[in-house]
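The block underneath contains the structure these notes are about, expressed in structure tokens.
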Amino acid sequence: MPQQKTSISKFPHLKQDFAASLVVFLVALPLCVGVAVASGVPAELGLVTGIVGGIVTGLMRGSSLQVSGPAAGLTVLVFEAVQEFGLAALGVIVLAAGLLQLAMGALKLGRYFRAISLSVVEGMLAGIGLVIIAGQLYAAAGLKAPASGIDKVLGLPGAAVDAFGSTAALASLAVGAGTIAVMLLWKRLPKGVQTVPGALAAVVLATVVTLVFSLPVATVEVNGLLDSIQPPGADAFAELAHPAIFGTILAFTLIASAESLFSAAAVDRLHDGPRTEYDKELMAQGVGNTVCGALGALPMTAVIVRSSANVQAGAKTKASRVLHGVWLLLFAALLPSALALIPLPALAGILVHAGWKLIPFRAIASLWRGQRGEALILVVTAVSIVTVNMFEGVLIGLALSVVKTAWEASHIKLDVIDKGAGPVQVYLSGNATFLRLPKILDSLEALPQDRPVELDLSGLHHLDHACRTALESWAERHSAVGTEPVRMTTAA
């Protein structure tokens, strides 16, 4: 009895954490497999990343309750990387991204990710969601999806025609649509039933229906856990000779880091426990991705779906996320053949649902009512990701965000006082930057040419080089017509 009390005092929340770990495991299992299949890699590699996210990253400091693993948000980027550089190079890319995350965490750059415009992040997730939905609609029908995001969207009408002309495609679509329907209806069932996650219930039901009715539907290809793990060799590292791979590494690093740290901020709002240590969390993600890269697995991020499930299930410490990784490992080791029964359109349905949840419809509506500039950045970022690609779409969004911030920061006020006689007095206050230069020069050039001007710049907080040069040039031109030289007063 004394020994039992000691163990309880050491792990006072073991009961809650154990129960939460089972819930997170059941949520994570179909998502790990679905993300891997959608990324164009063996299903087992998704489980490997989930295991590393639970056992390795889960043990580390940072955010105590958020759960890491393969994320739908990186599906598009991973698929593009595998298509361009090959599956063998994926490990190198993930390994390099992990090392970069470790370096950024050591340099205490984690907190600066909070400075990224929320509109850019939401636009990134919306763009990813749109590409996931478009791509998985092909998978739900058992058809091959085009490579680029825009081709996926534009090819949907033709794919619909092909699908409705094929019995096998219609059966596959029915399984995918049924999976989505179960997930949507599951939330309306009694709370006791909802103890089983909707995604898992949908996959199990789809699997049973497929087997009972012998539907002509493709299922997950199983290679075995150990056979799927392929650490990158010399040939894979030789891909580093191609400059294009470094852009992909940077994209993996920035997007995975931003998604993880934004997820951490969201998870902090869900519980009253210890707050996230952002630099330590970034290093934990870096360690996880380094290990995933060494195993040739998928990249890892913190995942808000699993993290919120963890909190809502009553988790109190990091033990729940570590245990969920243990359950994933046991499943992958003992029941790998069960994966071969899962219909691919069921996984496509789960990812269509996940992609839909990535699109922040409420945020777009709210921003449009109050801050249309931010709404525009969100929409442009999303559209750019669909039409161009992931990395360049995010860069376009960041550039727009910087331009908008610079424009709003360069507030300038120009007051002209003309008493009808004597010099015209002009007062400039605020921030004079090149962005406001056209407005300033238009106002100055509209002043009477035959009157002396007193230009007071003492109210300016900032005067950049472009504005200073332009004002001096204007003063020389105005003084050249025979009036008194412009008197310019600057701050002391």
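Computed over heavy atoms, backbone and side chain alike; hydrogens, waters and symmetry mates excluded. We're numbering straight along the sequence, starting at 1.
For the pair Val426 and Leu444, the minimum side-chain heavy-atom distance is below 4.5 Å. Residues Trp474 and Leu447 meet the side-chain proximity criterion, which asks for heavy atoms closer than 4.5 Å. Residues Val287 and Thr57 are not in side-chain contact: their nearest non-hydrogen atoms beyond the backbone lie 4.5 Å or more apart. Here the side chains of Val78 and Leu298 are in contact, with some heavy-atom distance below 4.5 Å. Here the side chains of Val352 and Ile132 are not in contact, with every heavy-atom distance at 4.5 Å or above. Proximity of Leu45 to Leu87: side-chain heavy atoms (C-beta onward) are separated by under 4.5 Å at one or more points. Arg306 has its side chain out of reach of Arg321: every pair of non-hydrogen atoms, C-beta onward, lies at least 4.5 Å apart. In this structure, the side chains of Ile180 and Met183 stay at 4.5 Å or more apart for every pair of heavy atoms.
Taking CG of Leu240 as the start and CD1 of Ile249 as the end, the distance is 5.5 Å to the nearest 0.5 Å. Here OG1 of Thr290 is found 7.5 Å from CD of Gln101. Values are rounded to the nearest 0.5 Å. Once rounded to the nearest 0.5 Å, the distance linking CG of Leu428 with CG of Leu463 reads 8.5 Å. Atoms CG and OG1, from Leu26 and Thr195 in turn, are 10.5 Å apart once rounded to the nearest 0.5 Å. The CG atom of Leu460 sits 9.5 Å away from atom OG1 of Thr490, with the distance rounded to the nearest 0.5 Å. Considering NE2 of His353 and CG of Leu358, their distance stands at 11.0 Å, rounded to 0.5 Å.
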Evaluate Ile417 against Val424 for side-chain contact (heavy atoms from CB on, under 4.5 Å), listing each step before the verdict.
CA-CA 6 Å; Ile417 299 175; Val424 178; over 6 Å; no
Go through Val267 and Ile304 one step at a time and tell me if the side-chain contact (heavy atoms from CB on, under 4.5 Å) criterion holds.
CA-CA 7 Å; Val267 172; Ile304 190 62; 3.9 Å; yes
Checking Ile364 against Leu378 for the side-chain contact (heavy atoms from CB on, under 4.5 Å) test, could you report, in this order, the C-alpha distance in whole Å, the side-chain angles of both residues, the deciding distance, and whether it holds?
CA-CA 8 Å; Ile364 295 171; Leu378 192 158; 3.6 Å; yes
Stepwise side-chain contact (heavy atoms from CB on, under 4.5 Å) check, Phe252 with Leu90:
CA-CA 11 Å; Phe252 271 58; Leu90 179 63; 4.2 Å; yes
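The number of heavy-atom neighbours closer than 6.0 Å to CZ of Arg275, taken from other residues, nucleotides and ligands shown, is above 12. More than 12 heavy atoms of other residues, nucleotides or ligands shown are found within 6.0 angstrom of NZ on Lys318. Atom CZ of Phe434 has 12 or fewer heavy atoms from other residues, nucleotides or ligands within 6.0 Å. Environment of CH2 in Trp356: sparse, with no more than 12 heavy atoms of neighbouring residues, nucleotides or ligands closer than 6.0 Å. For Gln194, the CD atom sits in a packed shell: over 12 heavy atoms of surrounding residues, nucleotides or ligands are nearer than 6.0 Å.
Counting only N and O atoms by type, the side chains of Ser68 and Gln285 include a donor and acceptor under 3.5 Å apart. For the residue pair Ser263 / Gln66, a side-chain donor-acceptor distance below 3.5 Å is found, with atom types taken as modelled. Between Ser320 and Asn310, the side chains place a donor N or O and an acceptor N or O closer than 3.5 Å (distance only, hydrogens not considered). Between Glu281 and Thr276, the side chains place no donor N or O within less than 3.5 Å of an acceptor N or O (distance only, hydrogens not considered).
Between the side chain of Ser172 and the backbone N or O of Ala140, at least one donor-acceptor pair lies under 3.5 Å. Side-chain atoms of Arg372 come within 3.5 Å of backbone atoms of Trp368 as a donor-acceptor pair (strictly under, hydrogens ignored). Under a 3.5 Å cut-off, the side chain of Ser119 and the backbone N or O of Ala375 do not form any donor-acceptor pair. A donor-acceptor contact shorter than 3.5 Å is absent between the side chain of Ser401 and the backbone of Leu398. With hydrogens and angles ignored, the 3.5 Å screen pairs a side-chain donor or acceptor of Tyr138 with a backbone N or O of Gly155. Judged purely by atom type and a 3.5 angstrom limit, Ser308 uses its side chain to pair as donor or acceptor with the backbone of Val305. Panel note: side chain Asn289, backbone Ala97; no donor-acceptor pair is recorded below 3.5 Å. Within the 3.5 Å criterion, the main-chain N or O of Arg451 finds a donor-acceptor partner in the side chain of His478. With hydrogens and angles disregarded, a donor-acceptor distance shorter than 3.5 Å links the side chain of His271 to the backbone of Gly273. Distance alone, capped at 3.5 Å, places no donor-acceptor pair between the Thr301 side chain and the Ala256 backbone.
Ala126 and Ile359 get closest at one heavy-atom pair: O-CG1, 4.0 Å. Between Gly73 and Ile128, the shortest heavy-atom contact is O-CD1, 2.9 Å. Taking each heavy atom of Leu351 and Ala72 in turn, the nearest pair found is CD2-CB, 4.4 Å. Residues Gly50 and Pro70 approach most closely at N-CD, 3.6 Å, considering heavy atoms. Between Cys292 and Val94, the shortest heavy-atom distance links the atoms CB-CG1, 4.1 Å. Considering every non-hydrogen atom in both Trp186 and Val196, the closest pair reads NE1-O, 2.8 Å.
Electrostatic pairing of Arg487 and Asp456 does not count as a salt bridge here, judged by no charged N lying under 4.0 Å from a carboxylate O. We find that Arg477 and Glu445 are joined by a salt bridge, their nearest charged nitrogen and carboxylate oxygen being less than 4.0 Å apart.
Listed by first and then second residue, the ring-ring contact (aromatic ring centres under 6.0 Å, His included) pairs that reach into residues 441-470 come to none, sequence neighbours excluded.
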